[in-house]
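Just below is one structure, and these are the notes that go with it.
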Amino acid sequence: MTEATTSTAEGGDTLTRLEQEGEIAADYLEGLLDIADLDGDIDMDVEADRAAVSIVSDVDARDLQKLVGRDGEVLEALQELTRLAVHRETGDRSRLMLDIAGFRAQKRTELAELGAQAADDVKSSGEPVRLEPMTPFERKVVHDAVAAAGLRSESEGEEPQRFVVVLPA
């Protein structure tokens, strides 16, 4: 096989593996929705080399808010449980991302704006800006927004008080 053929085959294998993760996660989450007697549809996708699964509802998203919890705490726990279910089936560690009722998508938008604003503040003041503690997902979104603004950032502190510091160029 040539290098191009090998990387295409590996890319196909990766896509197949991520689609399998999504299927396993969807089955697990459908069972959870049945147990909780909640209505929701499962959407699956592959984004940024990871499986992405969303629970959405056309009826009443307020019911799904129970699965999001305060500041996404229940969502984070369900994501970890879903990753464990995938790991149990595949034997591989999963980086699956779970979204419920658009919470994570909305949070991503807000955090990207926060990261861009912090970068603007650093550019104008020349001083580092420390943000509030965040989850790993939240920090990643902020780091990406800061990099897109042409600056660099670092995470400091220990979980759960780990936070992002935006640094001057």
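In this chain, residues are counted from 1 in sequence order.
Contact annotation: the side chain of Leu96 never approaches that of Arg50 to less than 4.5 Å [non-hydrogen atoms, C-beta and beyond]. In this structure, the side chains of Pro160 and Pro133 stay at 4.5 Å or more apart for every pair of heavy atoms. The closest side-chain heavy-atom distance from Val53 to Leu29 is below 4.5 Å. With contacts defined as side-chain heavy-atom distances shorter than 4.5 Å, the pair Leu151/Leu167 does not qualify. Residues Val165 and Leu131 fail the side-chain proximity criterion, which asks for heavy atoms closer than 4.5 Å. Counting only heavy atoms from C-beta outward, the side chains of Tyr28 and Glu89 never approach each other to under 4.5 Å. Side-chain contact between Lys140 and Asp144 is present, with at least one heavy-atom pair separated by less than 4.5 Å. With contacts defined as side-chain heavy-atom distances shorter than 4.5 Å, the pair Val56/Asp43 qualifies.
Not one N or O on the side chain of Lys66 forms a donor-acceptor pair closer than 3.5 Å with the backbone of Leu38. In terms of modelled atom types and a separation under 3.5 Å, the side chain of Gln106 and the main chain of Phe103 share no donor-acceptor contact. With hydrogens and angles ignored, the 3.5 Å screen pairs a side-chain donor or acceptor of Asp99 with a backbone N or O of Arg104. At least one donor-acceptor pair closer than 3.5 Å links the side chain of Ser125 to the backbone N or O of Glu127. Judged by distance alone, the side chain of Gln79 and the main-chain N or O of Leu98 form a donor-acceptor pair under 3.5 Å.
The two residues Val166 and Ala119 come nearest to each other via the heavy atoms CG1-CA, 4.2 Å. Nearest approach of Ala116 to Ala145, heavy atoms of both residues: N-CB, 4.1 Å. The two residues Gly126 and Pro168 make their nearest non-hydrogen contact at O-CG, 3.2 Å. In terms of heavy atoms, Val164 sits closest to Ser153 at CG1-CB, 3.9 Å.
Atom CD of Glu138 sits about 11.5 Å away from atom NE2 of His143, to the nearest 0.5 Å. Here the CG-CZ distance, from Leu78 to Arg83, works out to 12.0 Å after rounding to the nearest 0.5 Å. Lys107 contributes atom NZ, which lies 11.0 Å from atom CG of Leu75 (distance to the nearest 0.5 angstrom). Note: Leu111 CG to Met134 CE = 6.0 Å, rounded to the nearest 0.5 Å. How far CG of Leu33 is from CD1 of Ile55: 4.5 Å, rounded to the nearest 0.5 Å. Taking CG of Asp63 as the start and OG of Ser57 as the end, the distance is 7.0 Å to the nearest 0.5 Å.
Taken together through direct or relayed side-chain contacts under 4.5 Å among Ile, Leu, Val, Met, Phe, Trp and Tyr, Ile42 and Leu64 form part of one hydrophobic cluster. Hydrophobic cluster membership is shared by Phe137 and Val146, with clusters built from Ile, Leu, Val, Met, Phe, Trp and Tyr side chains linked at under 4.5 angstrom. A single hydrophobic cluster is seen to contain both Val142 and Met97, as judged by linkage of ILVMFWY side chains at heavy-atom distances under 4.5 Å, directly or through other members.
Evaluation of the salt bridge (Lys or Arg N to Asp or Glu O under 4.0 Å) test over residues 147-162, restricted to residues two or more places apart or in two chains, returns Arg130-Glu156, Arg139-Glu159, Arg152-Glu154. The list of salt bridge (Lys or Arg N to Asp or Glu O under 4.0 Å) pairs with a residue in residues 20-32, not counting sequence neighbours, reads Arg17-Glu21.
Side-chain polar atoms of Gln117 and Glu113 form no donor-acceptor pair below 3.5 angstrom. In summary, the side chains of His87 and Ser94 do not present any donor paired with an acceptor at a separation below 3.5 Å, with no hydrogens or angles considered.
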Apply side chain to side chain contact (heavy atoms under 4.5 Å, CB included) to Val129 and Val122, showing your working.
CA-CA 6 Å; Val129 171; Val122 169; 3.3 Å; yes

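Within a 6.0 Å radius of CG in Asp37, other residues, nucleotides and ligands contribute 12 heavy atoms or fewer.
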